[in-house]
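First the structure, in the form of structure tokens, and then the observations on it.
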Amino acid sequence: MKILLGLSGGVDSAVAAYVLQSQGHEVECAFMRNWDSLTNNDLLGNPTLGDDVCAQEQDYEDAKAVADKLGLKLHRVDFVKKYWDDVFSVFLDEYRKGRTPNPDILCNQHIKFAAFYDFAKSMGFDWLATGHYARVNHQAEQSELIRAVDSNKDQTYFLCQMPVESLRHTLFPIGEMKKEEVRAIALKLGLDIAQKKDSTGICFIGERNFREFLKNYLPSKKGKIIDIETKTILGDHQGVLYYTIGQRKGLGIGGNLGPWFVIGKDVKKNELYVARLEDNPWLFSTSCTVSHLNWFNPLDLRKAIAVTAKFRYRQQDSSVQIQLGDDGFLQVEFEQPVSSVTPGQEAVFYLGDVCLGGGVIEDVFKEGRILNERIAGALSA
RNA sequence: UGGGGUAUCGCCAAGCGGUAAGGCACCAGACUUUGACUCUGGCAUUCCCCUGGUUCGAAUCCAGGUACCCCAG
């Protein structure tokens with residue numbers, strides 16, 4: 001089999017390359033470049049601008065060293081424009097609406113398992129492979145996406161929007177391995193990046209002061225922070241778009257009553273609404289609607305089924321009941337109230353270890369009322 | 001300009017003569033391929049509105065200032 005593997009310069013994809021190679025496959029690698037700080041005007045709060053070697057080039061050097069060590073060919077592909085058009089523009093549009101998107105899921109959907117998949121096909125490869133912690137079970141009729149053996153590193157959450165067709169042609173070589181095993185192999189192979197720290201933050205952009213990063217694209221606009229319970233003004237925020245539901249840090253509210261958490265916002269009024277303490281009822285919801293559904297399984301969604309759901313990465317699964325409504329939205333009823341479910345974020349569904357698919361959280365409800373209605377009601381009461 | 005009260009870290013707030021609790025905020029780190037949450041650590045080193053005084057010793061007692069608040073005018 002002829003396989004193209006995405007090599008990032010990290011440990012996981014390096015070991016994935018080794019695994020495929022040792023299985024006797026014909027493997028070539030490709031390094032993707034999706035972000036350019038200068039052309040994308042990413043200046044504020046950018047920690048790497050002053051560095052003599054930019055982090056991305058270091059990653060490329062690392063990837064090159066791995067490819068050389070293994071004797072594999074390394075391609076370099078540039079998706080900077082496509083990332084901007086298909087991922088970052090959507091990301092910004094969502095933020096402008098006051099929602100909180102997940103750029104890495106968009107990236108997997110549009111870049112790694114779409115643009116990159118097309119590239120692989122055009123180059124005559126049969127299969128695509130990445131260093132994600134996930135498993136895929138290819139059957140005659142369908143391919144199942146399954147949680148990684150290393151439950152602590154499972155990344156199926158981020159893969160829920162990958163096109164079904166590319167899942168059909170994708171391999172996750174390290175999905176059966178634990179992180180420690182992966183590092184041990186890298187060490188044994190003598191790879192320089194064996195001890196390289198796991199990357200975090202938005203992939204391709206990196207870990208950043210997020211508010212400063214957003215300020216490059218979404219101008220600051222001061223407004224009021226309001227306590228939903230007493231309707232009093234507690235302070236000023238720097239821009240309602242910079243805050244997300246459930247957020248505690250960055251509010252700057254002193255006093256003895258807190259901590260305070262963001263429970264909602266009004267983009268038009270530029271007001272941020274907060275409530276006290278983490279167990280505040282205002283943070284909890286009991287159902288939501290989901291759009292942009294991507295579904296891997298042939299289950300009939302017209303009938304209500306009991307599954308589990310994740311509303312954010314590394315959150316324990318919640319028991320829910322789902323059913324596709326006539327409006328095309330998936331209705332999701334939570335068995336227990338869930339905290340800080342946020343519009344724009346992804347809801348991902350599972351049946352045991354099988355990842356069924358996922359979609360974008362549209363509206364969040366409690367006792368049948370949309371969050372914003374509840375807030376408006378409380379303010380006018 | 002009669003009476004009463006309060007002045008302690010950015011914000012709340014303990015302390016009541018023995019050598020500055022705690023919470024919030026903030027900062028740093030950990031965790032983490034999103035945004036968050038969470039966890040750990042740091043955060044008034046002779047300083048407690050100012051100036052004197054009493055005392056072995058005061059943020060804590062006394063005197064005089066200053067500022068703010070409340071009630072009367």
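Throughout, a chain's letter reflects where its sequence line sits, starting with A, and its residues are numbered from 1. Keep in mind that this is a model prediction, so the values were computed, not measured. All heavy atoms count here, side chains included; hydrogens, waters and symmetry mates do not.
Between the side chains of A:Ser13 and A:Ser8, at least one donor-acceptor pair of N or O atoms lies under 3.5 Å. With 3.5 Å as the limit, one finds a donor-acceptor pair spanning the side chains of A:Asp227 and A:Thr230.
The separation of B:G5 from B:G57, taken at their P atoms, amounts to 30 Å, rounded to a whole angstrom. A distance of about 11 Å separates the P atoms of B:A25 and B:C39, rounded to the whole Å. A gap of 44 Å separates the C1' atoms of B:G18 and B:C37, to the nearest Å. Nucleotides B:G29 and B:C47, compared at atom C1', are 29 Å apart to the nearest Å. Comparing B:C48 with B:C9, their P atoms sit 10 Å apart, to the nearest whole Å. Nucleotides B:A72 and B:U8 place their C1' atoms 31 Å apart, quoted to the nearest Å. B:U38 sits 40 Å from B:C49 when the C1' atoms are compared, rounded to a whole Å. Between B:A59 and B:U6, the two C1' atoms lie 15 Å apart (nearest whole Å).
Both distances falling under 3.5 Å, in either a Watson-Crick or a G-U wobble arrangement, place B:C11 opposite B:G23. The nucleotide B:G2 finds its pairing partner in B:C71, both defining distances of the Watson-Crick or G-U wobble pair being shorter than 3.5 Å. Base pairing analysis places B:G18 opposite B:C56; the two distances defining the Watson-Crick or G-U wobble pair are each below 3.5 Å. Nucleotide B:A63 is matched to B:U51 when pairs are restricted to Watson-Crick or G-U wobble geometry with both distances under 3.5 angstrom.
Contact annotation: the side chain of A:Lys196 approaches that of A:Asp62 to within less than 4.5 Å [non-hydrogen atoms, C-beta and beyond].
With its glycosidic angle more than 90° from 0, B:C68 adopts the anti conformation.
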Set out, line by line, the N/O atom pairs under 3.5 Å between protein and nucleotides 8-12 of chain B.
unit_1 : atom_1 : unit_2   : atom_2 : d
B:C11  : O2'    : A:Gly255 : N      : 3.3
B:C11  : O2     : A:Gly255 : N      : 2.8

Completion exercise
Under a 4.0 Å heavy-atom criterion, the protein footprint on nucleotides 29-38 of chain B, written with B, S and -, is --SBBBBBSS
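Atom SG of residue A:Cys107 and atom CZ of residue A:Phe79 lie 10.0 Å apart, to the nearest 0.5 angstrom.
Look at A:Lys82 and A:Asp85 and you find no salt bridge, because none of the NZ, NE, NH1 or NH2 atoms lies under 4.0 Å from a carboxylate O. Between A:Lys310 and A:Asp317 a salt bridge is recorded (basic side-chain N to carboxylate O distance below 4.0 Å).
Heavy-atom minimum distance, A:Thr156 versus A:Ile146: CG2-O, 3.4 Å.
Side-chain N or O atoms of A:Asp154 include one that pairs as donor or acceptor with a backbone N or O of A:Ala148 at under 3.5 Å.
Residues passing the salt bridge (charged side-chain N to carboxylate O under 4.0 Å, His left out) test with A:Arg312: none are found, sequence neighbours excluded.
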